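Reviewing the structure listed below.
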Amino acid sequence: MNMITKITDPTRRPPGGDSHLAAPRRLTGEGSRTLRAGFIPLVDASVLIAAAEFGFAQKEGIVLDLVKDVSWANVRDRLAFRQFDIAHMLSPMPVASMLGLGSNPSPTITPFSLGRGGNAITLSTRLYARMRQEASLTETASALENAQALAKVILGMKARGEPLPTLGVTYPFSSHNYEFRYWLAAGGIDPDRDVKLVVVPPPMTSDALAAGAIDGFCVGAPWNMVASERGVGRIVAAKQDIWPSAPEKVLGMRPEWAETHPETVSRLIVALDAAARWCDSPDNHDALSEALANSRYIAAPIDIIRRVLAGEFNLDAEGNRRIITNYFTFHAGSANYPRPSQALWLYSQMIRWGQTDLSPQGTTAAASAYRPDIYRLALGTDAGPADADVRIEGTAEGDRFMDGQVFDADHIADYIAGFPVRTAIPSGPSSEEI
């Protein structure tokens, strides 16, 4: 059953003062707006939740009616069927929709990213123990070394005729799917032949791991930490290890809705921009953690959410820890900018893994899913980064791909051909999506 939550206290104020909250502005051309927004219970929904909980939306004359959903397919469908006005969405979902992929490919765009970071890869303690034993893996191994150790274990499993590992992702057109595949392939594992990938909703991943239904998963916070602290999983890689700038969650909306509600969209972006700035400040993380931990939102222990926001990880139940600086970035470094070259990188991964074909029409459609023009219309022509909307990805210091690759959107075919592990013959989208 879907759980619905509506913010009923618009007077709530952020801790530390309310100087930014002037009298709410009325929408002059479109009337007052209550926007129904679908979301999945993850920390990367923070900007939407903060905008509703702490008055940022109210200031812009908007009421956010936040609807907690159970799966990304539900969110996709309810946006398409106009049950939602806007939605917390996986970054590849608008790209897939504009390419006509999936079981219900209703056109979807994003004018605003909800931030970077938050994903991690967790393996069962049973599988990780085999990696330690059979590949002489150390506790301080890198993400790439962990992937290579898993490859060695899988090779032995094949030789002995054992069932191959079953690994969970949240949705076929997801950053989790592409990042898990990227990590596996970098270690020499073919994600279509050496493991079995299945779809598991984020809140169910820890329980599925504990029950032995899956042997690992890639998901957003806080569910990796929940599994590690339960003693059922070991975190072996984070999003920052694979590609720090990989787009994560975005604000999705139907293009026709955006066109008929331009002032509402602009006001919403202004509100989310302010909320993202607020979420980035460590001084606000206690208040944000308290809000997120509520059963209306994530319903996870507040201390785990607070440590996740700080990038403080318990990798397992044995006391091994890791601190990842800027594990979540909600605003800094143009984290909210919907950069078309990142949409095109997502398109390249869809091609690499056989979900679609490369074509000029596909390239245009994929880039059109990310709308920096709407972002700049709301926040000003000087908003966002100073470089080109379509840039070469993976060249900046601190923003490298784990395997050293560089993505140039002008040479997608060459980029894909450069990977030793890829799907040889493109096929249709996975039936697991339905």
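Just so it is clear, the model here is predicted, and its values are computed rather than measured.
- Closest approach of P202 and T205 over heavy atoms only: O-OG1, 2.7 Å.
- A salt bridge links R230 with D207; the closest basic N to acidic carboxylate O contact falls under 4.0 Å.
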Audit row: D69, F39, side-chain contact (heavy atoms from CB on, under 4.5 Å) steps and yes/no: CA-CA 6 Å; D69 218 320; F39 77 98; over 6 Å; no

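- Side-chain N or O atoms of K152 include none that pairs as donor or acceptor with a backbone N or O of A135 at under 3.5 Å.
- Classification of E248 and K239 as a salt-bridged pair holds, one side-chain N sitting under 4.0 Å from a carboxylate O.
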Worked verdict on R254 versus E259 for salt bridge (charged side-chain N to carboxylate O under 4.0 Å, His left out): CA-CA 9 Å; R254 299 180 303 277; E259 291 168 6; over 6 Å; no

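- Remark: the Y327 side chain and the E312 side chain contain no N/O donor-acceptor pair separated by less than 3.5 Å.
- For E162, the CD atom is densely surrounded, since the number of other residues' heavy atoms within 6.0 Å is greater than 12.
- One finds the CD1 atom of I412 at 4.5 Å from the OG1 atom of T363 (value rounded to the nearest 0.5 Å).
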S228 and N314: CA distance, side-chain angles, deciding distance, side chain to side chain donor-acceptor pair (under 3.5 Å) verdict: CA-CA 7 Å; S228 69; N314 288 333; over 6 Å; no

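- A salt bridge does not link D215 with K196: every distance from a Lys NZ or Arg NE/NH1/NH2 to an Asp or Glu carboxylate oxygen is 4.0 Å or more.
- Of all the heavy atoms in P247 and S91, the pair that sits closest is O-OG, 2.9 Å.
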M402 vs D241, side-chain contact (heavy atoms from CB on, under 4.5 Å): CA-CA, chis, key distance, verdict: CA-CA 6 Å; M402 67 178 294; D241 299 320; 5.7 Å; no

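- Between Q342 and R391 there is a side-chain heavy-atom pair separated by less than 4.5 Å.
- Considering L209, I298, V200, V43 in turn, I298 is the only one that fulfils the side chain to side chain contact (heavy atoms under 4.5 Å, CB included) rule with W223.
- Here the CG atom belonging to L155 is positioned 11.0 Å from the CG atom belonging to L150, to the nearest 0.5 angstrom.
- Distance check: L167 CG to L164 CG gives 10.0 Å after rounding to the nearest 0.5 Å.
- Considering CG of L272 and CD1 of I62, their distance stands at 8.0 Å, rounded to 0.5 Å.
- With hydrogens and angles disregarded, a donor-acceptor distance shorter than 3.5 Å links the side chain of N146 to the backbone of V236.
- Side-chain atoms of H331 and D273, non-hydrogen and from C-beta on, do get closer than 4.5 Å to each other.
- Distance check, rounded to the nearest 0.5 Å: CG of L315 to CG of N320 gives 6.0 Å.
- Closest heavy-atom contact between N336 and G115: ND2-N, 4.0 Å.
- Aromatic ring centroids of F330 and F328 lie under 6.0 Å apart.
- Checked for salt-bridge contact, R36 and D85 miss the test: no charged N lies under 4.0 Å from a carboxylate O.
- A donor-acceptor contact closer than 3.5 angstrom links the side chains of Y337 and D389.
- Shortest non-hydrogen contact noted between A366 and V95 is CB-CG1, 3.8 Å.
- We find that K158 and D194 are joined by a salt bridge, their nearest charged nitrogen and carboxylate oxygen being less than 4.0 Å apart.
- Of the charged side-chain nitrogens involved, at least one lies within less than 4.0 Å of a carboxylate oxygen, so that E229 and R307 count as a salt-bridged pair.
- Put simply, the side chain of P372 reaches to within 4.5 Å of the side chain of P340, judged on heavy atoms.
- A 4.5 Å side-chain heavy-atom check between M157 and E134 finds every atom pair outside the cut-off.
- Side-chain atoms of R352 come within 3.5 Å of backbone atoms of V421 as a donor-acceptor pair (strictly under, hydrogens ignored).
- The closest side-chain heavy-atom distance from V63 to L35 is not below 4.5 Å.
- With ring centers used as reference points, H176 lies 6.0 Å or more from W72.
- For T110 (side chain) and G252 (main-chain N/O), no donor-acceptor pair under 3.5 Å exists by modelled atom type.
- Using the six-membered ring where Trp is involved, Y415 and F419 have ring planes that are perpendicular, over 60° apart on the 30 and 60° scheme.
- At distances below 3.5 Å, not a single donor-acceptor pair connects side-chain atoms of N177 with backbone N or O atoms of Y171.
- Counting heavy atoms from C-beta on, the side chains of V265 and I86 never come closer than 4.5 Å.
- Panel note: side chain R82, backbone A80; a donor-acceptor pair is recorded below 3.5 Å.
- Counting only heavy atoms from C-beta outward, the side chains of I154 and V195 approach each other to under 4.5 Å.
- Sparse packing is recorded around CE of M204, with 12 or fewer heavy atoms of other residues, nucleotides or ligands lying under 6.0 Å away.
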Intermediate values then yes/no, side-chain contact (heavy atoms from CB on, under 4.5 Å), T108 and R76: CA-CA 9 Å; T108 306; R76 172 203 64 194; over 6 Å; no

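- Taken from OH in Y370 to CG in L344, the straight-line distance is 10.0 Å, to the nearest 0.5 Å.
- For the pair R400 and E393, the salt-bridge criterion is not met [side-chain N within less than 4.0 Å of a carboxylate O].
- Note on R132 versus E139: salt bridge recorded, some NZ/NE/NH1/NH2 to OD/OE distance being below 4.0 Å.
- Between E60 and R33 there is no salt bridge, since no side-chain N of the basic residue sits under 4.0 Å from a carboxylate O of the acidic one.
- Among all heavy-atom pairs drawn from A300 and A293, the shortest one is O-CB, 3.3 Å.
- No close placement of the F217 and F180 rings is indicated, their centers lying 6.0 Å or farther apart.
- Side-chain atoms of S142 come within 3.5 Å of backbone N or O of E145 as a donor-acceptor pair.
- The aromatic ring centroids of Y182 and W243 lie 6.0 Å or more from each other.
- D280 places a side-chain N or O within 3.5 Å of a backbone atom of A332 that can act as its donor or acceptor partner.
- A pairwise comparison of heavy atoms in Y128 and T138 identifies OH-O, 3.9 Å as the closest pair.
- Of the possible polar contacts, one joining the H285 side chain to the C279 backbone as a donor-acceptor pair under 3.5 Å is found.
- With a 4.5 Å cut-off on side-chain heavy atoms, I305 and E290 do not count as touching.
- The backbone N or O of T170 sits nowhere less than 3.5 Å from a side-chain atom of S174 that would complete a donor-acceptor pair.
- The existence of a salt bridge linking D192 and R181 is confirmed by a sub-4.0 Å separation between a basic side-chain nitrogen and an acidic carboxylate oxygen.
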R234/T122 under side-chain contact (heavy atoms from CB on, under 4.5 Å): CA gap, chis, key distance, verdict: CA-CA 5 Å; R234 164 76 185 213; T122 298; 5.7 Å; no

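- Ring centroids of F401 and F407 are separated by 6.0 Å or more, keeping the two rings apart.
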